[in-house]
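Each chain gets a letter, A, B and so on, in the order its sequence line appears, and its residues count up from 1. Everything quoted here is computed from the prediction, not taken from an experiment.
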2 protein chains.
Amino acid sequence: MQRPTIADIARRAGVSKGAVSFALNGRPGVSEATRARILRVAEEINWRPHSAARALGGARANAVGLVIARPARTLGVEPFFARLLSGLQAEFSSQSIALHLMIVEDTQAEIEIYRSWVSERRVDGLVLIDLKVRDPRIAVVEQLKIPAVVVGGPGRHGSVSSVWADDRAAMLSAVEYLAVLGHTRIAHVSGLPEFQHTQRRSRALRDAATRLALPRARSLHTDFSDAQGAAATRKLLAGAGRPTAIIYDSDLMAVAGLGVALEMGVPVPHELSIISFDDSVLAQLTHPSLTALSRDTYRFGVQAAQAMMAVLANPTKTKNHKTETPRLIARESTSPTRN
Amino acid sequence: MQRPTIADIARRAGVSKGAVSFALNGRPGVSEATRARILRVAEEINWRPHSAARALGGARANAVGLVIARPARTLGVEPFFARLLSGLQAEFSSQSIALHLMIVEDTQAEIEIYRSWVSERRVDGLVLIDLKVRDPRIAVVEQLKIPAVVVGGPGRHGSVSSVWADDRAAMLSAVEYLAVLGHTRIAHVSGLPEFQHTQRRSRALRDAATRLALPRARSLHTDFSDAQGAAATRKLLAGAGRPTAIIYDSDLMAVAGLGVALEMGVPVPHELSIISFDDSVLAQLTHPSLTALSRDTYRFGVQAAQAMMAVLANPTKTKNHKTETPRLIARESTSPTRN
DNA sequence: TCCCTCCACTAGACCGGTTTATCATTGCCA
DNA sequence: TGGCAATGATAAACCGGTCTAGTGGAGGGA
């Protein structure tokens, strides 16, 4: 027999298709005895649901969509994505939900994909990452009426649930730590300025600088690449009155920056302290190892997935989940100023 | 109006559903004039195909499945996966094919997922990675009659297409390079022994050792984690007659090994040369930077995707695609022996 | 005993496409 | 002019489920 269908089950069990459907989906309408018999027959002939047929009737796709709008190569270089992805997937897997993944060039293409996935019923929900300032995707998912979770709030994301970490508090703790060590000239090599988390970090730095009366606390924007991270470092270290401490928005850039410093003959940590705003093996394997604002990105992914499943279960109830604040792990790349 | 269907188009264009279907799929059965009119109406009411309805009729799912059977966390740590994934996805995206991704615990679970995806028509094809010796998945995909591509042949993968790199030649080039530099005690910190590529590399090392009359050419197996890479290094360096060169099966382990060597006071490259059997920023950012067998993993992913699409286009025609052989890029971690 | 309700189950419509069988025209050739 | 094939289009079946309206029979209360 080709692929068994519920009609086959119905015939063998001597009942109707409807009864089989009820039995297989655990809903009332059949007696326990009949249900057991139907389930046994289904097992016997190794029946599997046909997702397409189910979806036609308006049922779940059992998949969640994730679109990444960055150059495809960065996915491979940036550890953050891979770890987030594995956390997301691990949690979804436990509910047999697959991840529908696509990498596109820009936000406009991302929105197109959302529209087509939703209209084709390919996914039950969407996970949005890299929340931007005035992000156009928010309006789109609200209009499409599809359950969604934003990774990286809180911000203006309307009625959409979010999962976020307190970047501001993390940045403040890093600056205060450096201030206690005697640093006054602190620089920040940040990511793309249109991202909300980049803005929050930059703003936190400015606020802390004002409060602690630190001069020259400035943020240099990059595209998150190691190349631009290195270039920013070179620029910072070449100028007069160079910083005694640099905070990098990713471990990749921090490692690149460390390389530049050593290459330029600036000893770390003796003349330059380095903090990475993200932790991974990368930060731990360098010499000196990097002081980092550490959080469990894998777990962050797990929490995002849980938030998604909560919204799927009850689309009307949205919520902002605050996750653990990245906390400073002091390693070898920071020390008191010599002064 | 709710979601427009072809029935809506048919009504507005004054034709039948069948004609609309023919027109939209560019097949004969309608005149050019009618086709143009139908397409215009479809455009007007912003019609999108309903993938589920299509799939019911036996059409394409426009998605390819990838299951990774390793602990979810390694996906985030191992740069190889992420780069492969981005290459795959980039190529698939160009044909609007999505990647259906799932991470599972073991091969058995992986096989279960294959069965359910295929029977639910969720995917048009499968990409298999981490080919093992006598891999049970091969028989499964052949039995399921689903187009598949194995990443990392050649080996016993029956009628399934494969994409592979010549690990053997790469390993030989690395060993010969070390031999020319005067190294005679060469060790190999490898990955899981059940993987075919691990075996090919170990065997190539043994063969080269025999041919070049090198004593003590041995392979130590690990699980690819940085922890086991470090442990293997510690073991190698602590013993008497320690190796003067170590080849690591991944850049992650190589970086971890480098850390151990420096920690144990073994200067690199003066007393120990290190080669990484995989290249990435990781290998380039360390000090000293790592000599590596480099290949474009992103491109490897692109080629795997192309092979997949070739099989999708013509399932009967399978082929083994050999990709570029990793070539040695000499950096700072290798030098002649002092002798 | 009659009527009503509840339960277990059935028949069949339905979801949105694809595909096949059929039909009406038209054009061509003998 | 008749016969036949090719063309353009239609109606209806079909894919494999879900879901709703409806049916028959058992049980309970008056």
Side-chain angles (χ1 to χ4, degrees), chain A residues 1-39 41-42 45-63 115-124, chain B residues 1-39 41-42 45-63 115-124:
Chain A
M1 174 173 17
Q2 264 318 353
R3 183 194 174 68
T5 72
I6 58 165
D8 299 319
I9 302 178
R11 203 175 321 116
R12 287 177 75 126
V15 294
S16 69
K17 274 170 61 184
V20 175
S21 180
F22 291 143
L24 291 172
N25 293 294
R27 43 176 72 198
V30 287
S31 66
E32 275 315 309
T34 312
R35 182 188 306 278
R37 183 157 43 91
I38 289 173
L39 290 178
V41 172
I45 65 175
N46 194 26
W47 174 87
R48 309 271 183 145
H50 190 308
S51 69
R54 277 209 165 132
L56 244 196
R60 288 278 174 86
N62 278 320
R115 288 193 196 283
S116 75
W117 280 358
V118 169
S119 71
E120 296 175 17
R121 306 272 163 83
R122 282 179 174 286
V123 296
D124 301 321
Chain B
M1 173 173 18
Q2 261 321 352
R3 183 193 173 68
T5 73
I6 58 164
D8 298 320
I9 302 179
R11 202 173 323 113
R12 287 175 75 126
V15 294
S16 69
K17 272 171 63 184
V20 174
S21 179
F22 291 142
L24 292 172
N25 293 293
R27 43 175 71 201
V30 287
S31 65
E32 276 315 309
T34 311
R35 182 188 306 279
R37 183 156 44 91
I38 290 173
L39 290 178
V41 173
I45 66 176
N46 194 27
W47 174 86
R48 309 271 183 145
H50 190 307
S51 70
R54 277 210 165 130
L56 243 195
R60 289 279 174 82
N62 278 321
R115 288 192 195 284
S116 75
W117 280 359
V118 169
S119 71
E120 296 175 17
R121 305 273 161 84
R122 280 178 175 285
V123 296
D124 301 320

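B:Ser21 has a side-chain polar atom (N or O) that falls below the 4.0 Å cut-off from OP1 or OP2 of C:dT18. Look at B:Trp47 and you'll find a side-chain N or O under 4.0 angstrom from OP1 or OP2 of C:dG17. Under 4.0 angstrom from either OP1 or OP2 of D:dT10 there lies at least one side-chain N or O belonging to B:Ser16.
In this structure, A:His50 places its NE2 atom 17 Å from P of C:dG16, rounding to the nearest Å. Rounded to whole Å, the distance from CZ on A:Phe22 to P on C:dA8 is 12 Å. One interatomic measurement links the two molecules: CD1 of B:Ile38 to P of D:dT10, which rounds to 8 Å at whole-angstrom precision.
Below the 3.5 angstrom threshold, one finds no donor paired with an acceptor across the side chain of A:Lys17 and the base of D:dG16.
The distance from atom CZ of A:Arg115 to atom CG of B:Asn46, rounded to the nearest 0.5 Å, is 8.0 Å. Atom CD1 in B:Ile6 sits 12.0 Å away from atom NE2 in B:His50 (nearest 0.5 Å). Atom OG of A:Ser16 sits about 8.0 Å away from atom CZ of A:Phe22, to the nearest 0.5 Å.
Between the side chain of A:Arg35 and the backbone N or O of A:Ala23 there is at least one donor-acceptor pair closer than 3.5 Å.
The stretch residues 23-32 of chain B touches DNA chain D through B:Gly29, B:Val30, B:Ser31, each having a heavy atom within less than 4.0 Å of the strand.
When every heavy atom of A:Trp47 is checked against every heavy atom of A:Ile9, the shortest pair comes out as CG-CD1, 3.6 Å. Contact between A:Ala13 and A:Ile38 at its shortest, heavy atoms only, is CB-CG1, 4.3 Å.
Between A:Val15 and B:Ile6, the residue whose closest nucleotide on DNA chain C is further toward the 5' end is A:Val15.
Among the heavy atoms of the strands, none lies under 4.0 Å from A:Val20.
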